**Student:** 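Here it is: the structure, laid out below.
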Amino acid sequence: MAFDYEQYIRPSTFPHIWCPGCGNGIVVKALIRAIHKMGWSKDDVVVVSGIGCSSRTSGYLDFNTLHTTHGRAIAFATGIKIAKPRLHVIVVTGDGDALAIGGNHLIHAARRNMDLTVILFNNSIYAMTGGQYSPATPEGKMASTAPYGQVEPNFDIVRLTEGAGASFVARSTVYHAAQLEGYIAKALDREGFSLVEAVTQCPTVYGRRNRTPNPVTFLEHFKKDSVPREKAEKMTDEEREGKIITGIFVDHPRIGFIERYRKMSERASEVRKRRYIQGSGPKSEVGN
Amino acid sequence: MTPRAEGEKKGRDVRLMQGNEACAEGALAAGCRFFAGYPITPSSEIAEVLSLYLPRVGGNFIQMEDEIASIAAVIGASIAGVKSMTATSGPGFSLKQENIGFACMAEIPCVIIDVMRSGPSTGHPTGPSQADLMQTRWGTHGDHPMIVLVPSSVREVFSETIRAFNLAERFRTPVILLMDEILAHMREKVVIPDPAEYSVVDRLSPGGPKDKYLPYANDRDVSPLAAFGEGYRFHITGLYHDETGFPTGLPEQVRCQAERLIGKIERGAEEIRNVEQIVPEDQQGSLDTVVVAFGSTARAANHAVKEAWQRGKNVGFFRPVTIWPFPIRELGEFCRGVRRIIVPELSFGQLAGEVRKWIEPSSRLVPLNRVDALPISPEEILDRILEVD
């Protein structure tokens with residue numbers, strides 16, 4: 001029987017804003033199936049996003065959803081998770097949102113092993129604003145602000161977040177939808193900071209500038225040029241050039257921030273019990 | 001409230017504390033259980049005190065990677081249902097502006113403490129200033145409502161911090177508590193009131209069917225706010241949105257939300273305003289002169305006005321405790337028929353400019369500005385009162 005996506009979306013918010021041929025829908029479907037696999041109540045799931053095409057995902061999903069400011073989704077999500085640790089907090093973000101304006105929040109959430117799962121839609125471009133180059137645009141590619149080709153090298157998102165201290169890091173593409181779903185499910189299951197990079201396509205403002213206006217061309221590229229991590233490790237740098245290396249790169253169970261903070265609070269409260277007595281709480285009255 | 005030492009005598013809780021400490025204590029008394037901040041002079045003591053006490057009362061403290069992340073985490077925690085606060089000073093306050101606008105738009109209660117230091121830019125980090133006044137009102141882009149409180153004693157920092165939380169919860173909006181370096185670091189006696197002596201307001205929780213919940217209803221100024229995780233699966237965005245919270249571009253819906261956002265604070269202004277007005281006990285007829293001041297400068301102004309009474313001067317003193325929304329009606333009534341209005345402040349005239357808008361054209365406005373990162377003395381203000389003109 002076909003999977004029933006409708007139970008997780010808000011039909012009244014459709015049609016969505018994405019262009020024909022956009023890969024975002026494939027990532028969202030993989031995310032929905034992965035959440036379903038976890039067996040969580042929809043009331044306990046929070047989806048936080050920033051600004052950009054992929055960040056519109058939050059509004060379409062029938063969870064507790066928060067569409068924040070550009071780059072700041074991880075910081076908002078941090079506040080939610082700390083305030084109510086029983087909630088499963090998922091951040092949906094794009095390459096511009098997470099790596100440029102939000103780069104600081106990304107690396108620090110990984111460093112403190114904040115208990116969040118980040119789904120990073122990497123379409124290599126700022127699509128919503130019309131195709132300006134992002135920190136994930138490969139060198140030499142065309143963008144509306146790189147009319148002679150991108151001169152900067154791009155981030156390797158996996159190595160960046162691994163270096164910053166993430167517990168779980170994986171990469172897949174929208175061609176490998178089942179694999180992507182599996183990685184997201186693993187990420188959701190892990191304590192601490194987990195991230196899945198979902199390589200996706202933007203035929204409209206990226207493809208047309210780079211002679212690949214057809215979405216099928218992208219999917220063929222993802223199929224042909226993806227190399228599993230194990231295989232890539234045996235390849236030379238030259239052979240790896242232009243390849244998308246997929247797989248799970250980091251899976252180190254580590255105690256997350258929430259648990260470490262809880263333990264510290266216990267110690268702090270012990271100090272109080274020994275040295276202090278607690279006053280009675282203030283009287284409460286309801287506003288309006 | 002911070003716990004008291006065991007064995008300490010019951011009865012009045014009297015303490016010597018600085019403004020920043022009183023602010024942290026007031027926040028705890030108001031029910032604040034989440035603080036996110038970033039180190040900055042002269043507000044850091046607020047974070048230090050809360051990092052000590054929050055873990056002991058079941059609360060959470062986190063020092064974020066930057067000022068922007070701090071206000072973002074505070075808004076996130078409030079969305080999860082926890083009263084939340086951040087504290088900063090000029091440069092950090094500038095950085096927080098975009099997300100303060102988000103909290104206005106999404107109508108998320110939270111409290112932002114700005115301890116003013118001399119600017120612009122890095123300025124004079126340990127020198128006092130009152131030049132963030134207009135930034136508190138218009139710092140974030142676009143039309144938006146704003147509530148700003150300006151205490152002028154350590155005791156008042158405590159009580160106004162509680163009021164800041166209460167107003168944030170009541171009106172579902174960010175509230176700014178504006179202090180200055182003098183107030184933040186000055187130590188004064190504070191009698192900590194018994195919890196029965198002050199009230200704490202909590203945001204309304206929605207009742208009724210969960211699938212019918214409207215977080216942004218048009219038929220009322222302030223809708224109840226459900227916390228994430230309570231079964232009301234709704235959407236929050238910084239885009240203009242309809243009653244359900246989902247983005248809209250329809251002109252009629254945009255207008256509706258925009259007008260309600262501004263209107264809820266305008267219509268609530270009587271409840272939000274708070275001013276101190278002092279006139280000579282033996283006042284005959286209308287006042288000759290009024291001194292208008294706020295924050296630490298108001299302390300010197302109050303002193304100067306009382307000195308002037310000793311010399312037979314018919315001088316009144318007007319101090320906004322809520323500065324935004326501006327006490328238009330109260331100031332207008334107090335200054336009716338007044339010949340001269342003196343406005344001492346630690347800026348090039350931000351308060352004077354606002355006062356000028358609301359007084360009679362026949363009253364003469366006399367600014368008294370000091371911008372060398374030193375406080376204005378009572379003598380300077382007294383000299384201006386006694387000036388023959």
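Remember, predicted model here, so these are calculated numbers, not experimental data. Throughout, protein chains are lettered first and strands after them, A, B, ... in sequence-line order, and every chain is numbered starting at 1.
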**Student:** Shorter than 4.5 Å, heavy atoms on both sides: which option in A/E266, A/R56, A/R112 has the most such pairs with chain B?
**Tutor:**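 Among the listed options, the one with the most contacts to chain B is A/R112.
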
**Student:** Roughly how far apart are B/K210 NZ and A/D43 CG, rounded to 0.5 Å?
**Tutor:**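 Nearest 0.5 Å value for the NZ-CG distance: 6.5 Å.
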
**Student:** When rounded to the nearest 0.5 angstrom, what is the spacing between NE2 in B/H235 and OG1 in A/T13?
**Tutor:**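 Here the interatomic distance stands at 8.5 Å.
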
**Student:** Quick check on A/F63 against chain B: is it the side chain, the backbone, both or neither that has a heavy atom closer than 4.5 Å?
**Tutor:**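 Just its backbone gets close to chain B.
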
**Student:** For chain B, which of A/T78, A/D62, A/I74, A/V45 has the most heavy-atom pairs under 4.5 Å?
**Tutor:**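 The answer is A/D62.
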
**Student:** Donor-acceptor pair, A/K84 side chain versus B/F228 backbone, under 3.5 Å?
**Tutor:**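 A pair under 3.5 Å: yes.
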
**Student:** Please classify the contact between A/R10 and chain B as side chain, backbone, both or neither, with a heavy-atom cut-off of under 4.5 Å.
**Tutor:**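 The side chain, not the backbone.
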
**Student:** Could you give the distance from CG (A/D44) to CD (B/E230), rounded to the nearest 0.5 Å?
**Tutor:**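 Those atoms lie 11.5 Å apart.
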
**Student:** Which bit of A/L87 is near chain B, if near means a heavy-atom gap under 4.5 Å: side chain, backbone, both or neither?
**Tutor:**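 Just the side chain, heavy atoms under 4.5 Å.
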
**Student:** To the nearest 0.5 Å, how far apart are OG1 in A/T69 and CD1 in B/I100?
**Tutor:**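 It comes to 11.5 Å.
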
**Student:** If you count heavy-atom pairs under 4.5 Å between each of A/N104, A/T65, A/I107 and chain B, which one has the most?
**Tutor:**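 It is A/T65.
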
**Student:** Show your reasoning for whether side-chain contact (heavy atoms from CB on, under 4.5 Å) applies to A/F257 and B/I62.
**Tutor:** CA-CA 11 Å; A/F257 174 91; B/I62 186 165; 3.9 Å; yes

**Student:** Using non-hydrogen atoms and a 4.5 Å limit, figure out which bit of A/R86 sits close to chain B: side chain, backbone, both or neither.
**Tutor:**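 Only the side chain of A/R86 comes within 4.5 Å of chain B.
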
